[in-house]
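Step one of this worksheet: look at the structure below.
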Amino acid sequence: MSPLLFVGAALAGGVGAVLRYLVDLGVGRVVGRRYPWGILLVNLTGSFALGLVTTALPAAAFLLGAGLLGGYTTFSTAMLDTVALWRDGERPASAFNAIGMLLLGLLAAGLGLALGSAL
């Protein structure tokens, strides 16, 4: 890997992290914070985008996938939200956050792969 590609991926990861924060903040302001809808949206759009990038733009997969989308998506926040929902007595929401995000993420990634392959 070239030093320029390494720096580019690091910078793209920072941009992705800022985008994640802005999306989560914006969605939370619109729909409230009782359920982590912003993180769900981030992880689903990120899964779709990674599937798309992997097939449609393979030359940019490292920069956009590991960099931008790696910074944008977040497994750790999703799991922390799942535990917090459980702790707060929101058992169905906690289960949906864990299982629903996994299944919907798989679907989103599959759709992205399919669309990218069709382009």
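By convention here, the first residue in the shown sequence is residue 1.
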Tell me whether [X] contacts the main-chain N or O of [Y] through its side chain, where contact means a donor paired with an acceptor under 3.5 Å.
| X | Y | answer |
| --- | --- | --- |
| N43 | F75 | no |
| R33 | G28 | no |
| S94 | E90 | no |

**Least distance between heavy atoms, L40 atom then F96 atom** =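 So the two residues come closest at CD2-CE2, 4.1 Å.
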
Determine, using the 4.5 Å side-chain heavy-atom cutoff (strictly less than), whether [X] and [Y] are members of one ILVMFWY cluster.
| X | Y | answer |
| --- | --- | --- |
| V53 | L41 | yes |
| V27 | L69 | yes |
| L113 | L104 | no |
| V42 | V30 | yes |
| F62 | L50 | no |

To the closest 0.5 Å, what do you measure between [atom1] ([X]) and [atom2] ([Y])?
| X | Y | atom1 | atom2 | result |
| --- | --- | --- | --- | --- |
| F48 | L115 | CZ | CG | 5.0 Å |
| L102 | I99 | CG | CD1 | 8.5 Å |
| S47 | L106 | OG | CG | 8.0 Å |
| T73 | L44 | OG1 | CG | 11.0 Å |

**Request:** Count the heavy atoms of every other residue, nucleotide or ligand shown that sit under 6.0 Å from CG of L4, and state whether that count exceeds 12.
**Result:**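 Result for CG/L4: open.
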
Any side-chain heavy-atom pair of [X] and [Y] under 4.5 Å:
| X | Y | result |
| --- | --- | --- |
| L119 | L52 | yes |
| T82 | W86 | no |
| T74 | R20 | yes |
| L63 | L68 | no |
| Y72 | V23 | yes |
| N97 | P36 | yes |

**Prompt:** Will you find, in the side chains of Y35 and D81, an N or O donor that is under 3.5 Å from an N or O acceptor?
**Reply:**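 On atom types as modelled, these side chains do not qualify, holding no pair under 3.5 Å.
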
**Message:** One thing to verify: whether R29 and D24 come together as a salt bridge, which I'm taking to mean a side-chain N less than 4.0 angstrom from a carboxylate O.
**Reply:**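 No, no charged N to carboxylate O under 4.0 Å.
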
